Each structure stands twice: as structure tokens, then as C-alpha cells.
S.K.: 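Mind looking over this structure? Questions follow.
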Amino acid sequence: MRVRSVLPEDLFGKLVEIGKRRGFFWPSYEIYGGVAGFYDWGPLGFLLKKRIIEKWRRFFVHYHQEYVVEIETPVLGPEKVYVASGHVEHFTDPIVRCTRCGRTYRADHLVEEAIGESVEGLSPEELGRIIREKGITCPVCGGPLGEVSTFNLLFKTQIGPYEGSIGYLRPELAQGMFVAFKRVYESLRGKIPFGIAQVGRVGRNEISPRQALVRLREFTIMEMEYFIDPEDREGSCPFFHRMAGEKLPILTHEAKTRGVEKPDWIRLDEAVEEGIIVHPCLGYWMAVGMKFTESIGVPRDKTYFDEKGPDERAHYSTQTFDQLVEVTRWGWVEVAGHSYRGDYDLGRHMKYSGEDLTAFKPYREPITVKRRKILINKAVIGRELKRDAKRVLEALSRMSDSDLEELASREEPVVEGIKLPRGALQVVEVEEKVSGRRFIPHVVEPSFGTDRNVYVAMEYAYREVNGRVVMAFPRDIAPVQAVVLPLVENDERLKAKARSVYEYLVDHGFTAYYDDSGSIGRRYARADEIGVPAAVTIDYQTLEDDTTTLRDRDSWRQVRVRIKDLPEKLEKFIYRGARLEDLGVPVQS
RNA sequence: GCGGCGGUCGUCUAGCCUGGACUAGGACGCCGGCCUGCCAAGCCGGAGGUCCCGGGUUCAAAUCCCGGCCGCCGCACCA
């Protein structure tokens, strides 16, 4: 029956058209002219996105529920959080525009290039002064440059009516999990490793977003922070064996520097063993990510992991792989980032909040260790220094053990410009009982751009069959799961029966349509276009024996089943990948 | 942000250069009727348009000019 299935050149254009016409997605605020970087999900797109999120949860949370929990944290955060995370510093770029041709440049990059030295940390004013003094002009047209301004990709607002209380819209979910780390860790009764997952909205004030759903100013992320003991590589990933033999397509940064452009397929366990992936956990979640994108319809050879070089990585990362998927319009786009974040984030939040965000692992038996300890003899200091003693003691209490030790080893230790009296610092060796080890957990982060993944699922579902569009979604992410159709339009008995079957399916939790408008072929076509996997047709035999036909969107074949069995059979068909032929008696056409 | 191209019923588009008979045409879709025992059949009827927004030129603007918004492509940007 099926003649040919073709893929058009401009899939994006076709999807935009279907998106608007059938209700998958469209630009937000259209009646006011639209705003770049914002898209609405329509009724069908919303359902599709919801099912993709549910699937992500199944892959990342449900199947690892002993170790991974999901939480929800606010979209807005106080300034401190994003100072600690480094976003206030790293998310702000000094920008300068050419007053003649209008091109925009990173002011710091321009100055560094011109004067050949680092200008890190200089203010916009200072950069502007250097540009004027050195007579730096537009590198393209030679025109004069304007004032240096800053551009921050963080959306900024105020929390409450107080002017000083700056709030930021989160640019990633991660900080919410790091800030909540201690609570979750305690609620899990001190277990490690464990993961915190979250699905939620984030905002980034992109300079000029394009590429529709692929680059948005506000979007949904599905993310997990997986906390591990850096000294326990193997124990950190108790499910590693599930994926150990999986092959992953990886393009290393090292290979790229050699001019290699195609990824290598490497077994996960070998990639970890050979150090291509720095940590088994990172590799494990990459493999799960691979399974996930496959499960939403992306073929294995249309995705790969691209290792970022040292200069391309974010400030917190020691190794990052972008998971890329090929789309028709823009080539390879990033659908997920897999990063080894080390202890950067928890370390920063410890420093900025003063909270102890370490984990504790007891030893099997407490051990006694000999340790050098610096004793501060307050009596001597007080007696000898009198009025200055308070200032000195405060300074000493702020110093780390190693700084104290260094100080104590000096001939004439000086603090706050004051010479310490003899005997003020004493190095002693003490025996201590240690029952375990404290450490800052390291973090492995798989982070998925939901909207991009939904778009990708749409691209890979798109088929043209005999001039009709079929969205061949994997059945379990199809927005509408079944359509119920009376065979002909004008028979009241068929229509009544069809409505009752429709309601029966709704009662059993299915998302279904009822459609009696137009010829049966037209209605099949209508359902195919939005990817409904199963069509239930009520014909004259139904009125006699309460059986109905079940049609498969992808083969157009039909089997006859009892109405009473429909929920069970649909469940198998949609969620368990059952073949249509195994569900009933074939109908000859 | 810059440059190029574009924006017309739900969707895709014709018209724009060469202003007026455009009351803005078509196709698909949608709705109603007839017909129809399984894959976008046919016939009849119908609804549906701020011609992206604002200003200007003109007796007259979808059409010409200016500004803005939005989209696509290239450049820049994308921790």
C-alpha cells in the first residue's frame, strides 16, 4: 500500500507549518508582533513535551530510584547564589560597538588582542580608557568604537520592594540542587552516591536568539546533579554494569586537534579504562542519555558525544561532552551537556555561605591518627600583648591550619604587624580518633534541553507517505494515543457506538480523539498527521459482536479485537512495543 | 547588533516592480448538506483577511518612501 517515504529538504519549514496549523508550537505573543526567543507549546506540543519529560524521568529517575530523587526549587534566586556560582562574574561580557558599521565585539577580547596582555577583571570604564588611549578601532572597518557597556545574560529583577535586593532568574537548574544539597543529603540519611534531578524552566537573556525552538530565551531543562565520593570511583556507579558493554560514539578533543571529524564508537567500559571519559559515572549517564535520545526516535548514527576543549568549557567543568543530534536545518545541535563539575559548585557555596556542605563516610573501624596540631597559647598572648591581644587572636582564628603551621615555623612570627611573644604558638603531636572521612562530593551532571529534544523528536518522526504527512513518533511519546472513528459519517448507530468506545478509552486513562467528520480515509490521514499510533474503527460488525478494528499508523494494517480488551491491548501496543499482529485477528482488506 | 531577503484568510500562496476596476484571487484545511461498508473520492453551500505595526507621499497605498517589530540566511554573540 505504501509507495514511498520521502524527507523534504526543508523539514524545519514543514514542521513550522504543521506546528502552527495542528497546534504543536508557534512564536509567543504573536498578536503583539512576537518577541524573539519565546515559543508557545500548543495542545499537541504540550502533550508531546509532557511525554518526553515523563520518559526522561523514567530513564534517569525511575530506573535509579534507589539513588536518584527529584526535587523542585524556585526559578528566582538571590544575588548571592549567583555570585557564588560564578554566573554574575562569568555571565557578564563587556561589549563595545563600532559607531560606523555597528559590529559588536567583546571589549576585553579586542583590547587583549591589541595590547597583547591579559585585561581580566578590568572594569568597562578601564577598558574604555585603554581603547581611547591606544587608539583601538574596529578591526573590520576601522571605524571609531563607542562606549564600553556590559551585557549580562542573566535576567535581573528585584525581590520584594527593596531596591538593594537583586534577584536573578536561574540560567540553569544546577544551583537549586547545590543549594539544597545538605537537606537532600540529610533526608537520604547521609547516603552517597546519590543524584538530585529536576525539571524546570530557566532563562538566559540571549543577545540575538534564532533557530526557533533550538535557541530560546526561556526554556525547560531536565537535569541531574549526581554526587559522588571522588575517592571511590567504582562504588560511585553501582549500576555501571547495565551499560558497560554499550558502544558510544565519541569525538575527543584530542582527535579533533588531529583533524579527525568523525566520532569513534567505543565501548563504555573501554572508554573509561582508557581515560577517554574521566569518570565511570560521567560515561554511565552518557550511555543513558544515548538510550534516551534513541527512545524518542533519534537513530544511533544521528547522535554523538563531542568533547569540549579546555577553552570551550564552562568555568566549573573539568570535562564536558556535548551530546549532539543532527537536524536538517542547522546541522549538529546540542541536545544535552554531560559535565564533570568536580567540587567547584559545592566548594564555592561552602565558601560563600559558610555552611558545611561536605559528606561524611564512616570507616569500618575508627582509626587513630597522629596529627600535628598548632596550639594557640592565649594566656601568653594576652599577658604579653595586652591591648593588642584581641586583634591578634582574631586574626589567628581566621587562619587555616596550614597557614598557622607555616607561621609557627618562622623565627619571628608576625601577625597584624605585631611580633608574637615566645611560646604563643606551639606545635604538638596529638593522637586523634577518626571515625570517618569528610569530603566535598564531586558532581557529574547530565543536562538536557527539553524543547530541543521535543523539536528533534518531531524531525525524526516526520514522514511523507503517498503525499501524506505521518508523524511517526515512538508510540509512547505520541501526544494523542488513539482515535475512535465510526466507519461512515451519517449512521447514528455507528456514531453512538463510537462515542461510547471513546469514553471507555478515556475512562481507562488514554488520551483519545473522537472524529466523525469526513470520509474514513480523510480521518485516518488527519490522525496520521499528528502521529496517533492507533485508530479504532467502529463498523457494522461492531454492532453485531462488540468487536472493532485496530489500525497501526505505521503499517496501515488492521486487526480485529474485542472492545472489552481494547485497554489492555492498547497498553501493550503503546507502552510495551507489542506488534499489531500479536494483538488480534488480521483484517483482510 | 550589522548586512541581505521576507511578512497577504487557520495554513501555503497570487497580487507589489509598472498605485486606481482588489468589494484582495487561488489551493489546502475547517464547518454544514448530499453521497460514502476502510485510507486526504465527488457534488452543493458556508464561515474565515488589522494585506505585521506606525508615520509619510498621493485625489487614491497590499503596492512607493521612512521608522519599528518579527522571521529566515550570513557575520558577530551563544558561561
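Keep in mind the model is a prediction, meaning the values are calculated, not measured. Naming convention: chains lettered A, B, ... in sequence-line order (proteins, then strands); numbering from 1 in each chain.
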S.K.: Between B/G4 and B/C12, how far apart are the two C1' atoms, rounded to whole Å?
M.R.: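 So the two C1' atoms sit 24 Å from each other.
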S.K.: What's the gap between B/U58 and B/G19 when it is taken at their C1' atoms, as a whole Å value?
M.R.: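 Each nucleotide's C1' atom is 9 Å from the other's.
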S.K.: Given B/C38, B/C31, B/G37, identify the nucleotide with an atom nearest to the side chain of A/Val488.
M.R.: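 Among B/C38, B/C31, B/G37, the one nearest the side chain of A/Val488 is B/G37.
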S.K.: Under 4.0 Å, heavy atoms only, any strand: does A/Arg22 hit a base, just the sugar-phosphate, or nothing?
M.R.: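 Contact class for A/Arg22: none.
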S.K.: Just name whichever nucleotide pairs with B/G25, Watson-Crick or G-U, keeping both distances under 3.5 Å, else none.
M.R.: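 The base-pairing partner of B/G25, which may sit in any strand shown, is B/U13.
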S.K.: Given the C1' atoms of B/C65 and B/C22, what is the spacing between them in whole Å?
M.R.: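 After rounding to an integer number of Å, I get 22 Å for this pair.
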S.K.: Determine the interatomic distance between P on B/G71 and the same-named atom on B/A61; round to the nearest Å.
M.R.: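 It comes out at 30 Å once rounded to the nearest Å.
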S.K.: From the options B/C39, B/C35, B/U11, select the nucleotide whose nearest atom is closest to the side chain of A/Arg21.
M.R.: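 That would be B/U11.
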S.K.: Is it the case that B/C39 (base atoms only) and A/Arg551 (side chain only) share a donor and an acceptor within less than 3.5 Å, ignoring hydrogens and angles?
M.R.: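 Checked by distance alone, the answer is yes.
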S.K.: Could you pull out all donor-acceptor pairs under 3.5 Å where a side-chain atom in residues 484-494 of chain A meets a protein atom, sequence neighbours excluded?
M.R.:
from: A/Glu489; atom 1: OE2; to: A/Gly518; atom 2: N; distance (Å): 3.2
from: A/Asp491; atom 1: OD1; to: A/Arg493; atom 2: N; distance (Å): 2.9
from: A/Asp491; atom 1: OD1; to: A/Leu494; atom 2: N; distance (Å): 3.2
from: A/Asp491; atom 1: OD2; to: A/Tyr540; atom 2: OH; distance (Å): 3.0

S.K.: Using both distances under 3.5 Å as the test, list the Watson-Crick or G-U wobble partner of B/C72, or none.
M.R.: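 Partner of B/C72: B/G4.
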S.K.: Using the closest heavy atom to pick a nucleotide of RNA chain B for each, name whichever of A/Trp330 or A/Ile31 lands nearer the 5' end.
M.R.: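 Checking each residue's closest nucleotide, the 5'-ward one belongs to A/Ile31.
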S.K.: Between B/C73, B/G37, B/A41, which nucleotide gets closest to the side-chain atoms of A/Arg329?
M.R.: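 Output: B/C73.
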S.K.: For the C1' atoms, the ones on B/G54 and on B/C72, what distance do you get once it is rounded to whole angstrom?
M.R.: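 So the two C1' atoms sit 24 Å from each other.
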S.K.: Between the side-chain atoms of A/Asn490 and the base atoms of B/C35, is any donor-acceptor pair under 3.5 Å?
M.R.: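 Counting by modelled atom types and ignoring angles, no donor-acceptor contact under 3.5 Å is found here.
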S.K.: Which base, if any, makes a Watson-Crick or G-U wobble pair with B/G54, both distances under 3.5 Å?
M.R.: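 Checking every strand shown, B/G54 finds its partner in B/C66, with both distances under 3.5 Å.
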S.K.: If you measure only the distance, is there a donor-acceptor pair under 3.5 Å linking the side chains of A/Thr220 and A/Thr450?
M.R.: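 Short answer, no.
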S.K.: Is it the case that the base of B/C53 and the side chain of A/Tyr32 share a donor-acceptor contact (distance under 3.5 Å, atom types as modelled)?
M.R.: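 No pair found.
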S.K.: With RNA chain B as reference, determine whether A/Glu17 or A/Leu487 sits nearer its 5' end, using the nearest nucleotide of each.
M.R.: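 Between the two, 5'-proximity favours A/Glu17.
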S.K.: Can you find an N or O donor on one side and an acceptor on the other, under 3.5 Å apart, linking the side chain of A/Arg468 with the base of B/C39?
M.R.: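 Present.
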S.K.: So, A/His338 versus A/Gln323: side-chain donor-acceptor pair below 3.5 Å or not?
M.R.: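 Result is yes, a qualifying pair exists.
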S.K.: Using only heavy-atom distances, decide whether a donor-acceptor pair under 3.5 angstrom links the side-chain of A/Arg210 to the base of B/C70.
M.R.: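 When only heavy-atom distances are counted, A/Arg210 does not reach the base of B/C70 through any donor-acceptor pair under 3.5 Å.
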S.K.: What is the base-pairing partner of B/A47, counting Watson-Crick and G-U wobble geometry with both distances under 3.5 Å?
M.R.: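 Base partner found: none.
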S.K.: Could you tell me which nucleotide pairs with B/C59 by Watson-Crick or G-U wobble geometry, both distances under 3.5 Å, or answer none if nothing does?
M.R.: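 Paired with B/G20.
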S.K.: Which whole number of Å gives the distance between the C1' atom of B/G49 and that of B/A27?
M.R.: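 One C1' to the other, the span is 16 Å.
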S.K.: Of all the choices, B/U36, B/C38, B/G32, which nucleotide is nearest to the side chain of A/Ser517 once you look at every atom?
M.R.: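 Between B/U36, B/C38, B/G32, the one nearest the side chain of A/Ser517 would be B/G32.
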S.K.: Go ahead and name the base partner of B/C39; Watson-Crick or wobble counts if both distances stay under 3.5 Å, otherwise write none.
M.R.: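 When the pairing criteria are applied, nothing turns out to pair with B/C39, so the answer is none.
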S.K.: For B/C5 and B/C64, measure between their P atoms and round to the nearest Å.
M.R.: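 One P to the other, the span is 13 Å.
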S.K.: Expressed as a whole number of Å, how far does the P atom of B/G74 sit from that of B/G32?
M.R.: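 My reading of the P atoms in B/G74 and B/G32 gives 45 Å.
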S.K.: Any chance the side chains of A/Tyr340 and A/His442 put a donor and an acceptor closer than 3.5 Å?
M.R.: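 Yes, because at least one side-chain N or O of A/Tyr340 sits under 3.5 Å from a partner of the opposite role on A/His442.
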S.K.: If you take atom types as modelled and just measure distance, does the side chain of A/Glu206 reach the base of B/C77 with a donor-acceptor pair under 3.5 Å?
M.R.: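 Flag unset: no donor-acceptor pair detected.
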S.K.: Tell me whether the guanidinium CZ or amine NZ of A/Arg475 lies under 6.0 angstrom from the six-membered ring centre of A/Phe573 and within 45° of its axis.
M.R.: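 Because its charged atom sits under 6.0 Å from the ring centre and within 45° of the axis, A/Arg475 does stack over A/Phe573.
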S.K.: Return the nearest nucleotide to the side chain of A/Phe12; candidates are B/U11, B/C72, B/A40.
M.R.: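 Nearest to the side-chain atoms of A/Phe12, counting from C-beta on, is B/C72.
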S.K.: Taking only residues at least two apart or on different chains, which pairs with a member in residues 24-38 of chain A satisfy side chain to side chain donor-acceptor pair (under 3.5 Å)?
M.R.: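 Residue pairs passing side chain to side chain donor-acceptor pair (under 3.5 Å), neighbours aside: A/Trp26-A/Asp40, A/Ser28-A/Asp40.
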